[in-house]
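First up is the structure itself, then whatever we jot down about it.
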Amino acid sequence: MNVLGDNPTIWVFGYGSLLWKPDFRFKSKKIGYIKDYERRFYQGNETFRGRPGQPGRVANLVENKGSQAWGVAYEISGREEVIKVLRNLYTREAACGGYVTMVTTFYPREEPHDRRLTGSHRIGQSSVTTEFQKSGNDVDCQFVYRAHTDYLHGIKRVNSDESLDGSSSDDDEDDSKQQNLRVTEILTSSERGTEDEFTRNVDSKDGEGNINYLMHYLHEFSNIKTEQFFMDFENDDHSYHESLSSTPKSSHLHRLHVVDSEHRPSPFPIQVLLYTATPDNDLYLGPADVSVMARQIVSASGSAGSNVEYVTKTADFVRKYIPEDQDSHLFSLDAKVREEVYKQHAEGSVRLQLGFADLNHDLYEMDVLAEPVMAS
Ligand SMILES: N[C@@H](CCC(=O)N[C@@H](CS)C(=O)NCC(=O)O)C(=O)O
């Protein structure tokens with residue numbers, strides 16, 4: 001019996017390492033929350049972030065009526081992809097992590113267009129980061145498309161078929177929009193380039209390094225109700241692209257759907273799969289004083305890296321992408337871990353391999369390898 005159906009779609013909710021390390025392909029992702037749970041670091045781990053006898057602490061969810069746990073819901077679709085992801089997560093979460101599976105309701109965050117929308121979507125080996133910033137009556141919409149051997153064909157407006165070469169549709173109704181949207185410039189630069197070295201060249205293609213396309217265009221949202229932009233990306237080898245949106249007409253079309261906030265449909269709740277740890281599993285460590293937990297974390301590392309990295313990258317992701325998430329447990333633990341790292345570094349008991357000389361730099365960006373210095 002084909003329980004999954006021919007073309008299933010599932011959504012997986014991540015709130016710990018799955019926030020910054022979803023090691024599976026996904027079609028789209030949404031930031032939002034689930035109700036009546038909160039994130040805690042009560043689950044022990046003796047594989048990825050700890051060792052037998054010296055467990056690290058990883059994220060789990062505890063029930064608390066009325067609270068919210070924020071995170072990211074990932075959309076995975078297609079029979080092959082869904083089976084692959086379920087197998088991957090069973091191994092990573094259940095077999096190695098002692099987690100159990102749960103299904104609950106996820107509430108996507110509303111994304112009004114006039115707020116900074118920052119997100120990186122992984123498309124195969126490329127990624128698109130979109131940022132919107134309202135400036136007065138205009139919205140400066142920036143796409144940064146980081147490509148590897150991809151090149152950009154151009155941007156077309158779906159409802160007016162206006163291509164970059166200025167040929168516009170004969171549909172008078174769109175005239176009001178024509179004046180509002182003007183592509184001011186399309187910039188590209190090599191990965192090694194700097195902002196100043198941007199050149200204007202849409203069809204540039206560099207088979208070697210990465211290419212950044214930075215397109216600035218301004219349009220007054222007040223006159224535009226719904227705008228869909230397709231960006232055609234073509235891989236050299238026509239390999240499969242993941243789509244940015246839910247229903248691509250073609251695997252090479254990526255849709256950014258931008259609507260005026262007054263007309264944006266409120267996002268619908270989604271049933272998500274998630275993995276959490278309950279007190280009845282052997283690895284469960286449960287609550288402890290934040291200093292005790294911090295010391296445990298600083299002294300633990302496993303096959304995936306230091307437990308410090310796990311905590312600080314989770315906190316950094318939440319700070320950067322989920323400002324609504326005021327998780328005092330996470331942030332107090334993150335602060336105590338950083339304090340403990342510096343203290344033990346000063347005492348010489350923890351070796352830090354810092355990516356930056358500047359100690360005030362964000363720990364996450366320092367690729368801290370806070371592993372205990374083995375007693376000589
Ligand atoms: N299920 C949580 C926690 C996931 C998690 O941390 N799982 C551990 C398994 S113990 C893991 O995969 N760690 C990989 C790593 O630490 O890099 C989430 O949604 O983020």
Side-chain angles (χ1 to χ4, degrees), residues 10-24 26 29-35 37-63 68-76 84-106 270-279 281-286 293 296-322 325 327 329-330 333-334 337 363-364 367-371:
I10 63 168
W11 288 83
V12 173
F13 177 65
Y15 55 89
S17 67
L18 288 180
L19 290 172
W20 46 272
K21 191 180 172 185
D23 56 358
F24 50 79
F26 55 89
K29 65 179 184 178
K30 293 177 186 290
I31 287 177
Y33 60 91
I34 60 173
K35 292 181 179 176
Y37 285 93
E38 51 195 4
R39 182 192 297 112
R40 287 291 180 272
F41 284 79
Y42 292 170
Q43 176 64 359
N45 181 266
E46 296 185 338
T47 49
F48 293 112
R49 299 291 169 169
R51 290 194 171 82
Q54 194 158 26
R57 281 183 173 265
V58 291
N60 71 302
L61 295 169
V62 297
E63 283 196 70
Q68 293 174 342
W70 283 83
V72 175
Y74 297 97
E75 180 189 14
I76 298 108
K84 197 189 301 180
V85 169
L86 289 176
R87 278 206 185 111
N88 162 315
L89 288 174
Y90 172 75
T91 308
R92 168 174 166 169
E93 302 288 292
C96 298
Y99 286 89
V100 292
T101 313
M102 225 176 73
V103 175
T104 191
T105 303
F106 170 81
I270 301 168
Q271 290 305 297
V272 293
L273 199 60
L274 66 84
Y275 296 83
T276 186
T278 49
N281 84 85
D282 298 342
L283 290 165
Y284 199 74
L285 299 175
M293 290 199 282
Q296 277 176 326
I297 288 163
V298 172
S299 63
S301 67
S303 61
S306 71
N307 202 189
V308 168
E309 179 196 38
Y310 182 105
V311 173
T312 55
K313 280 191 174 178
T314 301
D316 284 330
F317 182 97
V318 172
R319 267 189 286 266
K320 185 170 182 180
Y321 294 108
I322 318 181
D325 189 354
D327 183 341
H329 172 82
L330 170 64
L333 182 61
D334 173 56
V337 162
L363 200 58
Y364 162 31
D367 291 336
V368 168
L369 300 174
E371 287 176 352

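Indexing begins at 1, ligand by ligand and atom by atom, following the structure's order. Residue numbers run from 1 in the order of the sequence given. Values in this document were obtained by computation on a predicted structure and should not be read as measured data.
If you look at Gln43 next to ligand 1, there are no close heavy atoms at all, none under 4.0 Å. Counting heavy atoms under 4.0 Å from ligand 1, residue Phe48 touches it through the side chain alone. Residue-level proximity to ligand 1 for Leu18 is carried by backbone and side chain together, each with a heavy atom below 4.0 angstrom. Counting heavy atoms under 4.0 Å from ligand 1, residue Phe13 touches it through the backbone alone.
At the top of the distance list for atom 6 (O) of ligand 1, counting protein heavy atoms only, stands Tyr310 OH, 2.5 Å. Of the protein's heavy atoms, Tyr15 CZ, 3.4 Å lies nearest to atom 2 (C) of ligand 1. Ranking the protein heavy atoms by distance from atom 18 (C) of ligand 1 puts Gly16 N, 3.3 Å first. Nearest non-hydrogen protein atom to atom 17 (O) of ligand 1 is Lys21 NZ, 2.5 Å.
Residues Arg57 and Asn307 are in side-chain contact: their nearest non-hydrogen atoms beyond the backbone lie under 4.5 Å apart. Counting only heavy atoms from C-beta outward, the side chains of Val58 and Phe48 never approach each other to under 4.5 Å. Within the 4.5 Å cutoff, the side chain of Leu89 has no heavy atoms near those of the Tyr99 side chain.
Close approach of ligand 1 to Gly14 (heavy-atom distance below 4.0 Å) involves ligand atoms 19 (O). Residue Asn45 has at least one heavy-atom neighbour below 4.0 Å for each of these atoms of ligand 1: 10 (S). Close approach of ligand 1 to Ala304 is summarised as follows: ligand atoms under 4.0 Å from at least one heavy atom of the residue are 15 (C), 17 (O). In summary, the atoms of ligand 1 found under 4.0 Å from a heavy atom of Ser17, numbered by their order in the structure, are 4 (C), 5 (C), 6 (O), 7 (N), 11 (C), 12 (O), 13 (N), 14 (C), 20 (O). Each of the following atoms of ligand 1 lies closer than 4.0 Å to a heavy atom of Glu93: 1 (N), 2 (C), 3 (C), 4 (C), 5 (C), 7 (N), 8 (C), 9 (C), 12 (O). Heavy-atom proximity to Arg92, at under 4.0 Å, picks out these atoms of ligand 1: 9 (C), 11 (C), 12 (O). The ligand atoms of ligand 1 that sit less than 4.0 angstrom from a heavy atom of Arg49 are 15 (C), 16 (O), 17 (O).
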Given side chain to side chain donor-acceptor pair (under 3.5 Å), test Asn281 with Gln43 step by step and report yes or no.
CA-CA 9 Å; Asn281 84 85; Gln43 176 64 359; 3.0 Å; yes
Run the numbers on Arg49 and Ser17 for side chain to side chain donor-acceptor pair (under 3.5 Å), then give the verdict.
CA-CA 11 Å; Arg49 299 291 169 169; Ser17 67; over 6 Å; no
Please determine whether side chain to side chain donor-acceptor pair (under 3.5 Å) holds for the pair Ser301 and Arg51, giving the CA-CA distance in whole Å, both sets of side-chain angles, and the decisive distance to 0.1 Å.
CA-CA 7 Å; Ser301 67; Arg51 290 194 171 82; 3.1 Å; yes
Test Tyr74 against Phe24 for ring pair (Phe, Tyr, Trp, His ring centres under 6.0 Å), laying out the working first.
CA-CA 10 Å; Tyr74 297 97; Phe24 50 79; 5.4 Å; yes
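Judged purely by atom type and a 3.5 angstrom limit, His329 has no side-chain atom pairing as donor or acceptor with the backbone of Arg39.
Look at Asp316 and Arg319 and you find a salt bridge, because one of the NZ, NE, NH1 or NH2 atoms lies within 4.0 Å of a carboxylate O, short of that distance.
Of the candidates Ile270, Ile76, Leu273, Leu274, Trp11 forms a side chain to side chain contact (heavy atoms under 4.5 Å, CB included) with just one, namely Ile270.
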